[in-house]
A.B. asks: 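Could you have a look at this structure, given as structure tokens, before my questions?
Numbering of residues begins at 1 and proceeds along the displayed sequence.
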Amino acid sequence: MTRVLLTGAAGFIGSHIMSALTAGGHDVVAVDGMVPAAHGPGATAPEGVRVADLRTSSLAEMLDGVDLVCHQAARVGAGVDARDAPDYAADNDLVTARLLSAMFETRCHRLVLASSMVVYGDGTYHDRSGQVVVPPPRAVADLEAGRFERYLPDGEPAEWALTPEDAPLAPRSYYAASKAAQESYCRAWSLETGGAVTALRYHNVYGPYMPRDTPYAGVASIFRSQLEARKAPTVFEDGGQMRDFVHVTDIATANVAAIERLTSGIVRTGEFEAFNICSGQPISIKQVAESLTTGISGPAPVTTGRYRPGDVRHIVADPRRAAATLGFRATIMPECGLREFATAPLRQRRGFYQ
């Protein structure tokens, strides 16, 4: 039996991981800061979860007897504006640095880190010959004209391709910058201490008890809330943006696989590994809205043509490394999972969800 310190244990993803670890016979030390931005004002922690501010609490004491850390606690989402930057740095980067320091002190050498696809920035593109290319940024004139793709210098649209884990990191938001920084701290820690780190780069996560539409929620939750209000989901651009949506149950499964691999003794010391955690089935944003609409028999999505200049056009994950190394393959595909998500319970604004 492995004793696991699970941070963010009361959160959307963390709560599912906690259930999966407990069901697998692992001993879970569960902690959560119960931050209002994630849980709502006045929220209380579920049974078995210790409330602790990871920015100030004694992490060494929490690590007593722990074999491995599964670090899920984070401030997520795109945020609102630059005033959010210090909070991302504190909640994500400072907490991770404090955790790594405490792990060094207590000689805990194994870590599973919740990372994100946002570290890549834009996805991977190729030209008509199949050659990987880096197209210029999208021009406002093109966006105004309804030309939403990334275009090559010859005027031809670049074609999206699967993004592998060795793609360069190019974060485009404060959240993305904080996740890339977390990975960098963990990589440096693994080299210096001989510790082993597995970073799981989640793609678009959805599922039961997802937060409602806040500035930190994902597009699936926003569409879902619009449908609950009997409003049509509003799709930006032409709806052709390609993504990978992965069910939270599969996210929990991937974490258990990473934990069991790290404790199996087959991972080399000083090893930092990153894996895309995804469904492996690309889907457009318009298809996401349509699947949710079908699941709730709601009004058809409206494609608005609106755009945000900094948005990523396409980013779709390559699932092969996670399958080959972790043995992880998603079991819930987006079309089916999103239809079910249309009527799944969501996190309430006040209090812990049941």
A.B. asks: Could you give the distance from CZ (Arg329) to CG (Leu326), rounded to the nearest 0.5 Å?
C.D. replies: 10.5 Å
A.B. asks: Check for a donor-acceptor pair, side chain of Ser221 on one end and backbone N or O of Pro211 on the other, with a separation under 3.5 Å.
C.D. replies: yes
A.B. asks: Could you point out which residue of Asp27, Asp64, Asp67 forms a salt bridge (charged side-chain N to carboxylate O under 4.0 Å, His left out) with Arg3?
C.D. replies: Asp27
A.B. asks: Please determine whether side chain to side chain donor-acceptor pair (under 3.5 Å) holds for the pair Asn92 and Tyr174, giving the CA-CA distance in whole Å, both sets of side-chain angles, and the decisive distance to 0.1 Å.
C.D. replies: CA-CA 11 Å; Asn92 297 353; Tyr174 300 110; over 6 Å; no
A.B. asks: Taking C-beta and beyond as the side chain, do Thr163 and Asp318 meet within less than 4.5 Å on heavy atoms?
C.D. replies: no
A.B. asks: Passes side chain to side chain contact (heavy atoms under 4.5 Å, CB included), Val69 versus Leu99? Steps please.
C.D. replies: CA-CA 9 Å; Val69 176; Leu99 181 61; 3.7 Å; yes
A.B. asks: Give a yes or no on whether Val197 and Ile17 share a hydrophobic cluster (residues Ile, Leu, Val, Met, Phe, Trp, Tyr; joining criterion: side-chain heavy atoms under 4.5 Å apart).
C.D. replies: no
A.B. asks: Pick out which of Arg313, Arg147, Arg306 makes a salt bridge (charged side-chain N to carboxylate O under 4.0 Å, His left out) with Asp238.
C.D. replies: Arg313
A.B. asks: If you count every heavy atom of other residues, nucleotides or ligands that lies below 6.0 Å from Phe236 atom CZ, does the total exceed 12?
C.D. replies: yes
A.B. asks: Could you go through the salt bridge (charged side-chain N to carboxylate O under 4.0 Å, His left out) check for Asp122 and Arg172 one step at a time?
C.D. replies: CA-CA 8 Å; Asp122 277 310; Arg172 295 167 61 95; 3.1 Å; yes
A.B. asks: Is Ser15 reaching over with its side chain to a backbone N or O of Phe12, donor-acceptor style, under 3.5 angstrom?
C.D. replies: yes
A.B. asks: Between Asp81 and Arg83, is there a donor-acceptor pair closer than 3.5 Å when you use the side chain of the first and the backbone of the second?
C.D. replies: yes
A.B. asks: Check whether any side-chain N or O of Thr22 sits under 3.5 Å from a backbone N or O of Ser19 as a donor-acceptor pair, and report yes or no.
C.D. replies: no
A.B. asks: Under a 3.5 Å cutoff, is there a donor and acceptor pairing between the side chains of Gln72 and Asn255?
C.D. replies: yes
A.B. asks: If hydrophobic clusters are built by linking Ile, Leu, Val, Met, Phe, Trp and Tyr wherever their side-chain heavy atoms come under 4.5 Å apart, do Val256 and Tyr202 end up in the same one?
C.D. replies: yes
A.B. asks: Which heavy-atom pair separates Gly33 from Val51 by the least distance, and what is that distance?
C.D. replies: O-CG1, 4.3 Å
A.B. asks: What is the distance from atom OG of Ser190 to atom CD of Glu271, rounded to the nearest 0.5 Å?
C.D. replies: 8.0 Å
A.B. asks: Dump the intermediate steps for side chain to side chain donor-acceptor pair (under 3.5 Å) on His71 and Thr96, then the final yes or no.
C.D. replies: CA-CA 8 Å; His71 184 33; Thr96 299; 3.2 Å; yes
A.B. asks: What is the distance from atom CE of Met210 to atom CD1 of Ile13, rounded to the nearest 0.5 Å?
C.D. replies: 8.5 Å
A.B. asks: Identify the two heavy atoms, one from Ile332 and one from Asp250, that lie closest to each other, and give their separation to 0.1 Å.
C.D. replies: N-OD2, 3.1 Å
A.B. asks: With no hydrogens and no angle check, is any side-chain donor or acceptor of Glu228 less than 3.5 Å from a backbone partner on Gln226?
C.D. replies: no
A.B. asks: Counting N and O atoms only, with roles assigned by atom type, does the side chain of Arg138 sit under 3.5 Å from a partner on the main chain of Phe148, one being a donor and the other an acceptor?
C.D. replies: yes
A.B. asks: Would a single hydrophobic cluster contain both Leu68 and Trp189, if residues Ile, Leu, Val, Met, Phe, Trp and Tyr are joined by side-chain heavy-atom contacts under 4.5 Å?
C.D. replies: no
A.B. asks: Are side-chain heavy atoms of Arg321 and Pro164 found at a separation under 4.5 Å?
C.D. replies: no
A.B. asks: Any link between Val267 and Val112 through a network of hydrophobic side chains (Ile, Leu, Val, Met, Phe, Trp, Tyr) touching at under 4.5 Å?
C.D. replies: yes
A.B. asks: Within the structure provided, determine whether Ile315 and Tyr120 are in side-chain contact (heavy-atom separation under 4.5 Å).
C.D. replies: yes
A.B. asks: For the residue pair Ile283 and Leu338, establish whether any side-chain heavy-atom pair is separated by less than 4.5 Å.
C.D. replies: yes
A.B. asks: Do Val205 and Leu6 sit in one hydrophobic cluster, given that two such residues count as connected whenever their side-chain heavy atoms are within less than 4.5 Å of each other, even indirectly?
C.D. replies: yes
A.B. asks: State, to 0.1 Å, how close Pro282 and Val316 come at their nearest heavy-atom pair, and which atoms those are.
C.D. replies: CG-CG1, 3.5 Å
A.B. asks: Run the salt bridge (charged side-chain N to carboxylate O under 4.0 Å, His left out) test on Glu260 and Arg110 for me, step by step, so that the C-alpha distance in whole Å, both residues' side-chain angles and the decisive distance to 0.1 Å come before the verdict.
C.D. replies: CA-CA 11 Å; Glu260 293 181 347; Arg110 290 171 289 198; over 6 Å; no
A.B. asks: About how many Å separate CZ of Arg50 and CG of Leu5, when rounded to the nearest 0.5 Å?
C.D. replies: 9.5 Å
A.B. asks: Are His203 and Phe245 packed together at the side-chain level, in the sense that at least one heavy-atom pair is separated by less than 4.5 angstrom?
C.D. replies: no
A.B. asks: So, does His247 use its side chain to make a donor-acceptor pair with the main chain of Thr249 at under 3.5 Å?
C.D. replies: yes
A.B. asks: Assess Arg187 against Tyr185: is NZ or CZ under 6.0 Å from the centre of the six-membered ring, and within 45 degrees of the ring's axis?
C.D. replies: no
A.B. asks: Could you give me the CA-CA distance, side-chain angles and deciding distance for Glu149 and Trp160, then say whether side chain to side chain contact (heavy atoms under 4.5 Å, CB included) is met?
C.D. replies: CA-CA 10 Å; Glu149 297 296 338; Trp160 63 265; 5.9 Å; no
A.B. asks: Specify the closest pair of heavy atoms between Asp244 and Gly280, including all atoms of both residues, with the distance to one decimal.
C.D. replies: OD2-N, 2.9 Å
A.B. asks: Considering non-hydrogen atoms only, spot the tightest contact between Ala10 and Met34 and give its length.
C.D. replies: CB-SD, 3.7 Å
A.B. asks: Would you say that Thr7 contacts Cys70 through its side chain, given a criterion of any heavy-atom pair below 4.5 Å between the two side chains?
C.D. replies: no
A.B. asks: Is it the case that the side chain of Arg201 and the backbone of Phe275 share a donor-acceptor pair, with hydrogens and angles ignored and the cut-off at 3.5 Å?
C.D. replies: no
A.B. asks: Give a yes-or-no answer on whether the side chains of Asp87 and Tyr175 include a donor-acceptor pair shorter than 3.5 Å.
C.D. replies: no
A.B. asks: Between the main-chain N or O of Val118 and the side-chain N or O of Ser116, is there a donor-acceptor pair closer than 3.5 Å?
C.D. replies: yes
A.B. asks: Rounded at 0.5 Å granularity, tell me how far CD1 in Ile251 sits from SG in Cys278.
C.D. replies: 9.0 Å
A.B. asks: Can the positive tip of Arg224 be found less than 6.0 Å from the middle of the six-membered ring of Phe341, inside 45° of the ring normal?
C.D. replies: yes
A.B. asks: Will you find, in the side chains of Glu335 and Ser291, an N or O donor that is under 3.5 Å from an N or O acceptor?
C.D. replies: no
A.B. asks: So Arg75 and Val35, do their side chains get closer than 4.5 Å, heavy atoms only?
C.D. replies: yes
A.B. asks: Report yes if the side chains of Arg261 and Thr325 come closer than 4.5 Å at any heavy-atom pair, otherwise no.
C.D. replies: yes
A.B. asks: For His314 and Arg243, work out which heavy atoms get closest and say how close.
C.D. replies: CA-NH1, 3.6 Å
A.B. asks: Could you measure the distance from the CD1 atom of Ile296 to the OG1 atom of Thr294? Nearest 0.5 Å is fine.
C.D. replies: 11.0 Å
A.B. asks: Using a 6.0 Å cut-off, check whether atom OH of Tyr125 has over 12 heavy atoms from anything other than its own residue.
C.D. replies: yes
A.B. asks: Return yes if a side-chain donor-acceptor contact under 3.5 Å exists between Ser284 and Gln287, otherwise no.
C.D. replies: yes
A.B. asks: Treating Ser57 as the side-chain partner and Leu59 as the backbone partner, does any N or O pair qualify as donor plus acceptor under 3.5 Å?
C.D. replies: no
